[in-house]
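Scroll down for the structure; my scribbles are underneath it.
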Amino acid sequence: MRLATVLTPPTDENFILAAQCGVTDFVARYPGITGEPLAVSHQRAKSFGLNLSVVEGYLPIEELKLGLDDGRELAAMKALLAEMGDLGVPLLCYNFMAGTDWVRTNVAAPERAGAKVTAFRLADAEKAMSLSSTAQGRMNETITAEALWRNFARFLDELLPVAERFGVTLVAHPDDPPLPQFLGKDRILNCVEGFERLMQLAPSPHNAICFCQGTFATMGVDIPATIRRLGPHIKYVHFRDARGAASDFAETFHDNGPTDMAVAMRAYRDIGFTGPMRPDHVPQMHGEDDGEQGYTMLGRLFAYGYMRGLMQAVERGRTS
Ligand SMILES: [Mn+2]
């Protein structure tokens, strides 16, 4: 297993802190959003001793999800895959939620000693705020699960062969929150069966899963059993925890949620997972009030140490 991270922002200081904590893999956001060419991110990461191994977040696929792309999104995605191939970046993480990215209704829920976490309550969804810049537009469209699956099949028909050619694996992130429907749009990657259907839809080692553990926790499933069930299809992990269910939950510090994280880590080891694993959303800590919710740095430093401790424990066999 390799300790990975996003850095928001990807400043020299944040790169140095991550490298000092033992992080080896860097996760870049879609270059069209950050404005930084992928080759530059790749080189920058390398200069701090990190490998750029994942591109993730805010991809140009919103029209593709709705079946409304005029060809521009497809072209942008194919260009991205080619660029990733050139640089040897192996994983592209995407989601298939229509109309929104991840959504929370509270970005300052209390965690330990005044730290703040994000939380979601369906009852408050009318005031739901999307934390994504891509969530604008198409808010009034509706879409059924079957239409989404049709669009998903077309998406894979077009992009999977290109990904295969360039040595890139597409990893699908679950719908967050994993509700059956949200804002008039059905959701399809909201349960384990949805991921099994996706794997059957296009069987290929390049069609794989991002196991966002916090999202699976809010599905109410047994985490270690689900890691074993999805097994070799898991190629990338978002490591975090949440307390509650899809319609009402709050995130937690890594050591303060309901999931036995050591048992989860053992399950990743047991399925032979050797890919990148990153802390996902983290609590906003003292002095970080103006940071991007879920993506501030101090909570991440805590997470690096916690995760590295668990990784070393299971990989050296001390907890088995
Ligand atoms: Mn995630």
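These numbers were taken from a predicted model, which means no experiment stands behind them. As the structure lists them, so they are numbered: ligands from 1, and atoms in each ligand from 1.
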>> Out of the candidates Leu170, Ile209, Val171, only one should pair with Cys93 under the side-chain contact (heavy atoms from CB on, under 4.5 Å) rule; please name it.
In response: Val171
> By atom name, which N, O or S atom belonging to Asp280 lies closest to the Mn ion (ligand 1)?
Replying inline: OD2
>> Could you identify the N, O or S atom of His238 positioned closest to the Mn ion (ligand 1)?
In response: ND1
> Where do Ile143 and Ala98 come nearest, in terms of heavy atoms and distance?
Replying inline: CG2-CB, 4.0 Å
>> Does Arg44 qualify as a cation-pi partner of Phe15, given the criterion of NZ or CZ under 6.0 Å from the six-membered ring centre and within 45 degrees of its axis?
In response: no
> So, Thr215 and Arg240: side-chain donor and acceptor under 3.5 Å apart, yes or no?
Replying inline: yes
> Can you tell me if His281 has an N, O or S atom under 2.8 Å away from the Mn ion (ligand 1)?
Replying inline: no
